[in-house]
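Notes follow once the structure below has been shown.
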Amino acid sequence: MQTQERMREDEPAGAVPTQETEIGYRPSEIEPKWQQRWEEQGLYRAVEDPTKQKWYALVMFPYTSGDLHIGHWYNFAPADTHARFMRMKGYNVLFPFGFDAFGLPAEEAAIRHGIHPFTWTNQNIERMRRQAKSIGGMYDWSREIATHLPEYYKWTQWFFLKFYEHGLAYRALAPANWCPHCQTTLANEQVINGTCERCHTPVTRKMLEQWFFRITKYAEELLADLETLQWPERIILMQRNWIGKSVGAEIIFTAESGDPIPVFTTRPDTLFGATFMVLAPEHPLVEKLTTPDRRAEVQAYIERAARETEIERLSTEKEKTGVFIGAYAINPANGRRIPIYIADYVLLTYGTGAIMAVPAHDERDWDFAKKYGIPIIEVIRPEGKGDEPLTEAYTGPGILVNSGQFDGMPSEEGKWAITDWLAARGKGRRAVSYHMRDWLISRQRYWGAPIPIVYCKKKCTPDGIVPVSEDQLPVLLPEDAEFLPTGESPLKRHRGFVETTCPRCGGPAERETDTMDTFVDSSWYFLRYVSPHEQDRPFDPEKVRYWLPVDQYMGGAEHAVMHLLYARFFTKALADMGLIDFREPFIRLFNQGIILGEDGQKMSKSRPEYVVDPDEYVAKYGADTVRCFLMFIGPWELGGNWSSAGIVGVWRFLNRVWNLVTGQAEESAAAPQPVTQDELRRLTHKTIKRVSEDIERFRFNTMIAALMEYVNALYRVRSPEVEQTPAWQEAMDTLLLLLAPSAPHLAEELWHRRGHRESVHLQSWPTYDPALTVEETVTLVIQVNGRVRDRMEVPANLPEEEIRRLALERPRVQQFTGGKPPHNVIVVPGRLVNIVV
Ligand code: ANZ
Ligand code: ZN
């Protein structure tokens, strides 16, 4: 192979193809050949170069589930095309690849097949790497990372220690989302409509000592900086809603026992109408305030609520239930004595876990008050309403009534007047509340990075929590652990792992046995890529300064509020620690759509006949065809249906390119259309313009369509004479350059066959001459039976057939032909059309 290649490289540019070209387009031969050669030449290795503008393009690294499926391809192939384009545009492009390798599926597969998660994961990586290479992407494989390797998770643990040191990691007893099937806790973000995002089992709550990351500290900045991102509007909206900022007041009620009970409300204007209070069943004051006669009933209710799923608790359909705890509180506005209840519709984890209930102006409170016979006092009256009793809660704005000195004030003004009045008396303040909760990161499962904490038995720190010292990292995950799910971490039963000594006092200690949520691993992987082999630090700060932030991130919309929010939080936290000097990781984000099955339905394992295996198509048509077909299928953000007929069309197109460039195209039956060099150059330059603009805007489908039109036009004008012209030679080279990002192997092979020595992927993106791209038009005179009847303006290069069709369709012409088929139509290019009837 190599000697043959060298011979060909000695040929002059544009040389007549040699006998080797007789074999036709065979991707199965050229694709592996070029992949190997590119790798040997280190063609895609990214090196810092301060003289060049950098471009960090990133695809979301795949989870090591076993196979690269068509959805991965749909992310990776167009992303690669864009990255290649940027490189040809002169950017210094970093385009790395890696594997997200910890997590539950590995553990489940291990249990099912009796294979160790480590083995299972490594086998999958082998396989997926091979598949990823078959795409022909310009990945810099020297930078590959995998999150389950000690060399990687050492730094995940190091970041945990940094977070702990800076008060951003803490341990707390908290009601955790608990999936009874997966036997582990879940982050709020992993609970979808009250069910586990993995197995869809309804999630329950369990009080557990858990590790949290204090993401709420960044709630405001995470919200505000959304404005600076070039992200899909939909994702920004989802993050904004997830963070869920509410503006209102914190108001301090006082129990008769003297205990203050702060509440969060968005409606301080309704304070005079608060006729009862509700605490979350898990609220710490419940135990203290409940009177002995109410204790049994209260206890039973608490137990019932704990068994309820989130769905049941939040359901608006569900009848409101609650229990009076026997205690009363004082409304700070009017001194009124109001009863305290517990009810499951108040959540411990929002606001202060307690509410002032205003039945006249809140629907839930209304239902509750009706059911338990609690007074309803109207305090907001809409314009024009009299003092007749309410028939339902009025939740809109209005004028304050029954509100002492605030009567007559508009409710919006009343909100702040009442809050400021309370604040002056030490009974409240303006407050905001965020729906986002701190990120629960501990998992009671085996296959994750161990949390680097020990519990000192002598309690040499106040809480007995001692971080592992940095030089003891990584805390290795023992390979010989039993990993059956029991609800406790499998590491708990591994004595060799658990028993250790305290890094501080040297006394006996036990290790934390929970592992970290895999989203911790993926919150910083984009930093690791810039210096993946660093042994003594997570990354080289100089290289980070050069490459980061990521210029273009590309992946699925399913990560809207988990990965994308966590990575933003990590970035801000690291910036505050002085480790990096930017505060947003991903400047631009693109979410590709979904590839559906041939029948327009989602591909799923339950209908294997509709699941497309990309490997099969690569074997049949080559990666270039699969790449181009995926791009051609529809707008990238929308996706489309797989079509086995459609892919054949794209396969034919690439064959036409092959035959055209190698000179193997068959003579067409029709005579070639006459073309001047100028016209040919116009065609070429217009195509450059279209293709450039389309790739820039991720409009891959119209980009491929433009190339197809270009090839069709070239076929039409091709003749032995035209093929000798410089304009044709320009067209051939341009075609290959424009095709290089999309069909990298084919373009490379043909580029070399045309006698170029250097890789097509090292060439500059072609530029167009604007003067050649303006549309030229001519005015044609239309005659019917020799008499001028009409005129029309058409593009100068419009084919004769088109001119004929347009002329016959014109109403003026039809008047004179009576719509009858003409006897003859004569076209004099650039001048006139004569219709004979
Ligand atoms: C009194 C009030 C009167 C309220 C009224 C509303 C209407 P958002 O917009 O979601 O922030 N609330 C506060 N903490 C809660 C908790 N832990 N569980 C359940 N509900 C809670 O909602 C804020 C409102 O939700 C708060 O304002 C509070 O009810 C309730 F006419 O306070 B409001
Ligand atoms: Zn100790």
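Whatever order the structure lists them in is the order used to number ligands and atoms, beginning at 1. Keep in mind that the numbers below use all heavy atoms, side chains included, and drop hydrogens, waters and symmetry copies.
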Every pair of nitrogen or oxygen atoms between ligand 1 and the protein that is under 3.5 angstrom apart - can you list them with their distances to 0.1 Å?
residue, atom, partner, partner atom, Å
ligand 1, 9 (O), S246, OG, 3.4
ligand 1, 10 (O), H435, NE2, 2.8
ligand 1, 11 (O), S246, OG, 2.4
ligand 1, 11 (O), Y350, OH, 2.5
ligand 1, 17 (N), L347, O, 2.7
ligand 1, 17 (N), Y350, O, 2.9
ligand 1, 18 (N), L347, N, 3.0
ligand 1, 27 (O), T265, OG1, 3.3
ligand 1, 27 (O), T266, N, 3.1
ligand 1, 27 (O), T266, OG1, 3.4
ligand 1, 32 (O), T265, OG1, 2.7

Quiz item: Taking only residues two or more places apart in sequence or in another chain, which ones pass ring pair (Phe, Tyr, Trp, His ring centres under 6.0 Å) with H435?
Solution: Y350

Quiz item: Can you pull the ring pair (Phe, Tyr, Trp, His ring centres under 6.0 Å) pairs that have at least one residue in residues 356-402, sequence neighbours excluded?
Solution: F276-F368, Y341-F368, Y341-Y372, Y345-F368, F368-Y372

Self-check item: Close aromatic pair by centroid cut-off 6.0 Å: Y553 and W231
Solution: no

Exercise. For a side chain to side chain contact (heavy atoms under 4.5 Å, CB included) with Q210, tell me which candidate from R443, R171, Q444 qualifies.
Key: Q444

Quiz prompt | CD (E209) with more than 12 external heavy atoms under 6.0 Å | solution = yes

Exercise. Not counting sequence neighbours, which residues clear ring pair (Phe, Tyr, Trp, His ring centres under 6.0 Å) with F264? List them please.
Key: none

